[in-house]
Amino acid sequence: MEYTHKEIEERWQKYWAEKKTFAPKNDTSLPKYYVLDMFPYPSGAGLHVGHPLGYIASDIYSRYKRSQGFNVLHPMGYDSFGLPAEQYAIQTGQHPAVTTEQNIKRYREQLDKLGFSFDWDRQVKTSNPSYYKWTQWIFLQLFNSWYNPETDKAEAIETLIQKLEVGSWKIEGDKKWNELNEKEKSDVLMDSRIAYLGEAFVNWCPALGTVLANDEVKDGVSERGGYPVERKLMKQWSMRITDYAERLLTGLDTIDWSESIKESQRNWIGKSEGCSIRFALRHPELVSGSDNEMLKQVQHDENSIEVFTTRPDTLFGITFLTLAPEHELVSKITTEGNKQQVEAYLNYAKNRSERERQADVKKITGQFTGAYAIHPFTGKQIPVWVGDYVLAGYGTGAVMAVPGGDQRDWSFAKHFSLPIIPVIEGSDIDKEANESKEGKMINSDFLNGLQVKEAIKKIITEIENRGLGKGKINFRLRDAAFGRQRYWGEPIPIYYKDGIPYAVDEKDLPVVLPEVDKFLPTEDGEPPLARAKDWKYQGQYDYESTTMPGWAGSSWYYLRYMDPHNDKEFVSKAAADYWKDVDFYLGGSEHATGHLLYVRFWTKFLKDRGFISIEEPAKKLVNQGMIQGFSAKINYLVSEERKGNAPLTEFNTAPINGKIELIKNLSIKGTYDFAEIFLSADAAEGLHKQFNDYEMEWNKIPSKSHIWNIPIEYVNNDGSLNINLFCEWLPKLEKTRKNAIFICKGGYWRNNDFCSFNSGESDKFFIKQEPEKMSKSKWNVVNPDELVEKYGADTLRMYEMFLGPLEQSKPWNTNGITGVSGFLKKFWKLYLNVSEEKASQAELKVLHKTIKKITDDIEKLSFNTCVSTFMICVNELSDLKCNKREILEPLVVLIAPLAPHIAEELWNKFGHTESVTFAKWPEYKEEHTVENSFSYPVSFNGKTRFFQELDVALSKEDVEKEVMALEQTQKYLEGKQPKKVIVVHKKIVNIVV
RNA sequence: GCGGAUGUGGCGUAAUGGCAGCCGCGCCAGACUUAGGAUCUGGUGCCGAAAGGCGUGGGGGUUCGAGUCCCUUCAUCCGCACCA
């Protein structure tokens, strides 16, 4: 009987769905295990072969855990709010809810075909009001909370109000809480709320018409779409994630996450320890007298400059201060004489986009303000500069410049000819700054002679004693922008009364996303929600019109899966207490500083407020490697001189160079009316060889080489192009077959005819293939559907695992899939004629060896070696012609996590009426794998020469005796006396001569 | 610049400090076939006719023994980056 994957897979997928096989048991006495895949965004492109890699791995692990007796929660759902659907809506006018639903449907069909053991009854969609009701509810908790530094956790805002009422929490300007009006009270509280409305510099993306969070911006452009981003001061809902910076950092040490993710988060949080120092200012026009007198006079000046430094030990090396162009003091302190230049500079700095600024890091710019600060220890005057190498958003937006100890300060000083003082012995300040934290202090008054680390301690104490500043910890992490000027997201449950924001009452949740006529901003620049007609809270108050960012819904979804249908709470206490946290979380590393930071933040917050009991959302996290696609690249030649369809002869008369010669050699002469010349990859290779500097030559001639990505499906297995298919596609690029010529090594193709000029050489047109990220725009997406159709889900599952270690990125290549497909056929064949006979020793040995290896490997998530272990096992059992139930039945249970359909089918054939899902995992019995003898490799000076079979019971001494007595040993000794004989039991014999 | 990861046959890869290359692809030969992108058998790191020698990016070290441990260096990929 043949292995018919299609029929078998459909049958069991249906069975699982009907019997709800994968719903966790409602029995809290069972040990729990929670396996979660990162929330997918249902993109319009559907699933490609890279997506299932992680899902397959987590599915194998889930099924394995079920077989081990765990109550497994393994859910799936959709992060269904987001920008792409909305961009599509803007283009087509279709409601994003409609396209999102279509995409989800397609995703689901594709997922279903792969035989995943998800409990679909728990599916959540973030765009569903029954889900986002609770996202909004959590927002309200965040709004109604503040971070109490004394208890080091978030508390209800009421506890802050109490402190304000009794005056134990100070309000800026020493005002009294009870004397404040409604607006002022709101403002005061807003300064502490964890979700707050505040004015801040944000990443504004004009093309997308919205603000983006820091992690959504890469290299100065938006991560989605690659549109330019600019800094803009805006009133904006934000999350005070910075209050959690320290806990987010230390928490990393408690979780088993990949080192690279933890490191990314550490970098992102960017903790640095140092101290703040206040520099008094001196206006030359205003103050006169000796340096020391001035110091006293200006000590308490409001307009002092506060800096943050991690190297207070270098304080005596300060030769100037630099302010960020955005620093508020710049305009206040600039002297009349410098006003013009400084203003011009500020204007220049302002108009440089973030991208430009980042791109030309090396360009040093700045201006002297004319103002001086006073060195707090020496009393000397220090010029104050403004420079855009200082970032407004970090620290205080001002630095004390120590060109002797900081390379950026050094470069600035060199550029503007400012003095440089070495402060560490042995610094060669003519060449570069000495940033080392090792060495002895010099030129530093009372710090002289101290080691850097001692000096840091001493100076901080001194600074604190003199009241100039204090030891301080600074974080790079910024508060997260939470409002998006977009339509397709959760409405923020806030309304405005007399311009004051208030929380929507819990009983009025969800605030449902209103219908709008267009998904665009209003004429006066308000977000799309402002278009909604008659959308008022309690019929009279304006709602907040920004929506939440994509990460809102995904910051707590793992909790909702525990209790997805609860309409009283976001998760019941009982469910949260049982399922606690995610035991095994699998997903891509691209979420390192976005989702994975926010989900930790919300988890900590929800714990602080007593809603859940865990501090971290996921104990263990693994990043599956990215599966890249193979892009097909074609060499495409255009002569710039040959405009339009000008004849090729013109091209031929160009100066002699590589390509012209080639074209000549290929004898394509005369006048042709083709315009597109495509060059086979092997012909292009030839050019490389022929002319050393092909690329350079290429640029000299009046033609241009272009490389195009073309659809990968037009490439044959041998790497050659299917020219016919390709030509049918050409019109999409406004090119035609008629105008195209394909040059191969042995001739050229034109209009379906091959013209040979070099007989014996290939007439194939080769395409260069390169691995790249799979993306629709690169035409290299391979989707799993066809593979499932052809080979079956079990084969695809095993093949994806067989590709290599889970965490390693690799290009997708279908070449090896026949090996796995053949394996499953061979596996199936073992079961054609099962006998009840007792198994032989040899057969039992194979089985138990396999049980041990598979169990160990699944535990280690080493799924690639699992597949090869099964192959070895099946090869060996086939050689033994094994058909014993005693062997084959446990083997079914063993393979079920990887190839669940075939396993169910065979399990069923054994007469079981229950799913193999809950069959007990086979137990490894060592007695079946022990050997009586071992074939010792006998080596001389570490080089293996022959093997000797010996009883394992023999002691080391006996082994040595036996081996030394051998004729072969004597032969290799060549009459010499061995210096030493090393015997490792059941491993090796090494004779040192 | 900082951090992370990876370097092993033609390719994907495998090896608790103990026979390097398991398993699969590809390739070669053969069997069965009208046929093979089906199935089965055998072979396949490199050099060499063979004996044998050489081999895990390079160089050094520890060890009886190193792909594996240590030092150093190179290359590739990924992340972060004017963070004071």
Side-chain angles (χ1 to χ4, degrees), chain A residues 218-219 258-264 266-268 270-272 274 307-312 314 322 324 357-358 360-364 387-391 393-402 405-409 411-412 435 474-478 589-590 592-593 623 625-626 628 717 771 798-799 802-805 807-823 825-826 829 856 862 864-875 878 935-947 978-993:
Chain A
K218 293 248 146 76
D219 302 322
S258 71
E259 210 35 57
S260 68
I261 293 265
K262 288 204 216 176
E263 206 47 44
S264 291
R266 285 189 194 109
N267 282 341
W268 192 259
K271 179 178 179 175
S272 46
V307 303
F308 171 76
T309 178
T310 55
R311 294 294 299 275
T314 61
T322 317
R357 190 160 156 171
Q358 283 178 19
D360 316 304
V361 166
K362 292 209 179 77
K363 191 165 167 190
I364 295 161
D388 74 353
Y389 80 98
V390 178
L391 302 177
Y394 185 75
T396 59
V399 300
M400 53 174 236
V402 182
D406 182 287
Q407 192 54 42
R408 292 154 306 176
D409 295 341
S411 306
F412 195 84
E435 296 190 329
N474 217 356
F475 293 97
R476 198 184 80 104
L477 184 72
R478 307 281 87 204
S589 53
E590 66 272 21
T593 50
N623 298 121
M626 193 174 60
Q628 294 153 308
N717 275 344
M798 290 192 95
Y799 182 59
F802 188 60
L803 284 174
E807 301 187 40
Q808 204 167 299
S809 286
K810 52 230 152 191
W812 176 256
N813 186 336
T814 324
N815 286 346
I817 200 167
T818 52
V820 175
S821 164
F823 155 76
K825 285 182 196 161
K826 203 166 168 184
K829 263 202 229 159
D856 290 352
S862 174
N864 54 327
T865 52
C866 278
V867 180
S868 82
T869 302
F870 275 122
M871 288 175 171
I872 294 165
C873 169
V874 166
N875 287 347
S878 299
S935 178
Y936 281 92
V938 180
S939 55
F940 293 79
N941 293 333
K943 191 147 283 185
T944 307
R945 295 298 176 175
F946 62 90
F947 293 89
K979 269 195 207 135
K980 200 172 175 184
V981 179
I982 286 124
V983 177
V984 183
H985 186 60
K986 281 178 78 178
K987 278 274 152 57
I988 203 165
V989 177
N990 191 17
I991 298 167
V992 186
V993 188

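Residue numbering restarts at 1 for every chain, and letters A, B, ... go by the order of the sequence lines.
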Completion exercise
Expected string for nucleotides 17-22 of chain B under the B/S/- scheme (protein heavy atoms, under 4.0 Å, primed atoms plus P, OP1, OP2 as sugar-phosphate) is -BB--S

Problem - Residues that A:P805 engages under side chain to side chain contact (heavy atoms under 4.5 Å, CB included), provided they are two or more places apart - result: A:Q808, A:N864

Fill in the blank from the handout: The Watson-Crick or G-U wobble partner of B:rA20, with both key distances under 3.5 Å, is none

Fill in the blank from the handout: Nearest-nucleotide check on RNA chain B, A:K826 vs A:I817; residue mapping nearer the 5' end is A:I817

Exercise for the section: Measure from CG on A:N815 to C1' on B:rC27 and round the result to the nearest Å. Expected result: 13 Å

Practice task
Would you please name every residue forming a salt bridge (Lys or Arg N to Asp or Glu O under 4.0 Å) with A:R266, sequence neighbours left out?
Solution key: A:D253, A:E259, A:E263

Exercise for the section: Mind checking salt bridge (Lys or Arg N to Asp or Glu O under 4.0 Å) for A:R311 and listing every partner two or more places apart, or none if nothing turns up? Expected result: A:D313

Exercise for the section: Quote, to the nearest angstrom, the C1' distance that separates B:rC47 from B:rA35. Expected result: 40 Å

Exercise for the section: With syn defined as a glycosidic angle within 90° of 0 and anti as everything else, classify B:rG36. Expected result: anti

Completion exercise
For A:N990, the side chain to side chain donor-acceptor pair (under 3.5 Å) test, sequence neighbours excluded, returns A:S939

Handout entry: Rounded interatomic separation in angstrom, taking CD from A:E807 and P from B:rG79
Key = 17 Å

Exercise for the section: Can you tell me the pairing partner of B:rC2 across any strand shown, Watson-Crick or G-U wobble, with both distances under 3.5 angstrom? Expected result: B:rG79

Practice task
Check the distance between B:rU63's P and A:K979's NZ and give it to me in whole angstrom.
Solution key: 14 Å

Exercise for the section: Starting from P on B:rG4, measure out to CH2 on A:W268 and report it in whole angstrom. Expected result: 19 Å

Problem - Rounded distance (Å) that lies between atom P of B:rC2 and atom CD of A:E259 - result: 18 Å

Handout entry: Residue list, salt bridge (Lys or Arg N to Asp or Glu O under 4.0 Å) with A:K271, at least two apart or on another chain
Key = A:E246

Exercise for the section: Could you tell me which residues satisfy side chain to side chain donor-acceptor pair (under 3.5 Å) with A:T818, sequence neighbours excluded, listed by chain and number? Expected result: none

Handout entry: Rounded distance (Å) that lies between atom P of B:rC64 and atom CG of A:N941
Key = 12 Å

Could you list, one pair per line, each protein nitrogen or oxygen that sits under 3.5 Å from a nitrogen or oxygen of nucleotides 10-13 of chain B, together with the distance?
residue, atom, partner, partner atom, Å
B:rG12, O2', A:L803, O, 2.6
B:rU13, OP1, A:Q808, NE2, 2.8
B:rU13, O3', A:N864, ND2, 3.4

Fill in the blank from the handout: pair_partner(B:rG65), Watson-Crick or wobble, both distances < 3.5 Å, evaluates to none

Practice task
Among the candidates B:rG24, B:rU39, B:rA84, find the nucleotide nearest to the side-chain atoms of A:K825.
Solution key: B:rU39

Completion exercise
Any strand, both distances under 3.5 Å, Watson-Crick or G-U wobble: B:rU44 pairs with B:rG26

Problem - B:rG9: pairing nucleotide in any strand, Watson-Crick or G-U under 3.5 angstrom - result: none

Handout entry: Pairing partner of B:rU34 (Watson-Crick or G-U wobble, both distances under 3.5 Å)
Key = none

Completion exercise
Between CD of A:E590 and P of B:rC77 the distance, given in whole Å, is 20 Å

Handout entry: Residue list, salt bridge (Lys or Arg N to Asp or Glu O under 4.0 Å) with A:D409, at least two apart or on another chain
Key = none

Completion exercise
In whole angstroms, the gap separating P of B:rG65 from NE2 of A:H985 amounts to 23 Å

